[in-house]
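Nothing here was measured: the structure is a model prediction, and the numbers come from that model. Each ligand, and each atom within it, is numbered from 1 in the order the structure gives.
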Amino acid sequence: MREGWLDRFADAPDVLIGARRPRTIVPVLDAAIGGDEFVTMAGPCSVETEFQLLATALHVRRAGARILRGGAFKPRTSPYAFQGLGLEGLKLLAHVREETGLAVITEVMSECDVAMVAEYADILQIGTRNMENFSLLEAAAQSGRPVLLKRGMAATIADFLRSAQVILDHGNPNVILCERGIRTFETAMRNTFDAGAIALIKEITHLPVIADPSHAAGDRAMVPALARIAVAAGADGLLVEVHPNPAKAWSDGEQSLDFAGFDAMMAELAPWIELKGRRGRELQPATSEACSLEAVG
Ligand code: PEP
Ligand code: MN
């Protein structure tokens, strides 16, 4: 790495790549993030109902996703919008993990909730609005669960890496960075997807980097294109919103892919992932899916 980079990120020394820390691979159930597999995390923005979550989980698993996403605690732009199911949502996530074998990632918004969320989730997600909530970062670090840290919407790369350093400092090596778009003068898309940040962070740090094309795009039409850019930039995986009926989603429907859209994106990405020398999805055989869905009613 060039000397200049070391100076610029001097406040995040343990995040930087070096002979002692060539690469961090984060184990999550039977998946590994940051290794040679490109890992897709997919699911609804918010956990709504058992049917919604289980149907989505079964579908994304079959299309090659390894991890189920879904928010139970939702930091919404409007205080009057749906705020999430809370504990009930966590229980649904854990139930669907039992049914599908998929690991679960969900957001924790408050340090007071860390113990509860960590009981149900395999990865704790720290949202963009909380990237510099240092007491939350400390508590999340100490939970012992892997932490996916989203870049603050107005955070520089140096700010982002400093927050990752806080998690490492509190004894948790399993940090996954997530680029989800930042606010700029450009308003055509919900956020400006900073693909350059992915390339740079992969170059200078040993941590896995995941891209969230959904919150960057704000519109499902652009999600596959941003996902492809993320693969090319060297991302280790994706965090994508998928909903059985986006028009009826309780949050972020406009940017959620439907099942067919998710399938198309996964198929389209496969050769790009291969080109980067990564192992992509392993298509799962259709199992007793129909039975599981029948059980839900
Ligand atoms: C989310 O993943 O649903 C979410 C709220 O993301 P962000 O924190 O990036 O806005
Ligand atoms: Mn969302």
Could an N or O of ligand 1 be found under 3.5 Å from any N or O of Asp212, whether backbone or side chain? no
Distance in Å, Leu168 CG paired with Ser163 OG, rounded so as to fall on 0.5 Å steps: 11.0 Å
Common cluster, Phe73/Met131, ILVMFWY with side-chain heavy-atom separation under 4.5 Å: yes
For Arg23, does the CZ atom have more than 12 heavy-atom neighbours from other residues, nucleotides or ligands under 6.0 Å away? yes
So if I count the atoms of ligand 1 from 1 in the order they appear, which ones are less than 4.0 Å from some heavy atom of Gln125? 1 (C), 2 (O)
Please report the C-alpha distance between Ser135 and Glu111 in whole Å, then the side-chain angles of each, then the deciding distance to 0.1 Å, and finally whether the side chain to side chain donor-acceptor pair (under 3.5 Å) criterion is met. CA-CA 7 Å; Ser135 37; Glu111 66 206 84; 3.0 Å; yes
With heavy atoms and a 4.0 Å threshold, my read on which part of Met153 contacts ligand 1 is neither
Can you tell me how the ring of Phe259 sits relative to the ring of His59, calling it parallel under 30°, perpendicular over 60° and tilted otherwise? parallel
Do the side chain of Glu179 and the main chain of Asp194 share a donor and acceptor less than 3.5 angstrom apart? yes
Pairing donors with acceptors under 3.5 angstrom, does anything connect the side chains of Asp252 and His243? no
Would you please test Ile123 and Ile33 for side chain to side chain contact (heavy atoms under 4.5 Å, CB included) and show each step? CA-CA 11 Å; Ile123 305 175; Ile33 301 163; 4.0 Å; yes
The Mn ion (ligand 2) to Glu241: nearest N/O/S atom name: OE2
Here the N/O/S atom of Asp252 closest to the Mn ion (ligand 2) would be OD2
A student checking ligand 1 against Glu107 at a 4.0 Å heavy-atom cut-off should list atoms 5 (C)
With heavy atoms of Cys45 as the reference, note each atom of ligand 1 found under 4.0 Å away. 3 (O)
Atom 4 (C) of ligand 1 - nearest protein heavy atom and its distance: His215 NE2, 3.4 Å
Within the supplied structure, the quantity of interest is the number of heavy atoms (other residues, nucleotides, ligands) at a distance under 6.0 Å from Glu268 CD; does it exceed 12? yes
Check each atom of ligand 1 against the heavy atoms of Glu241 and keep those under 4.0 Å away; list them by number with element. 3 (O)
May I ask you to identify the nearest protein heavy atom to atom 8 (O) of ligand 1, giving residue, atom name and distance to one decimal place in Å? Thr128 N, 2.9 Å
If we only count N/O pairs under 3.5 Å, is Lys150 in contact with ligand 1? yes
May I ask you to decide whether Arg66 forms a salt bridge with Asp30, counting only side-chain N to carboxylate O separations under 4.0 Å? yes
Arg129 heavy atoms within 4.0 Å reach ligand 1 at atoms 10 (O)
Those atoms of ligand 1 less than 4.0 Å from some heavy atom in Gly127: 8 (O)
Tell me whether Gly71 reaches ligand 1 (any heavy atom closer than 4.0 angstrom to a ligand atom). no
Nearest option to atom 2 (O) of ligand 1, as decided by whichever heavy atom of Arg180, Met41, Arg69, Arg190 sits closest: Arg69
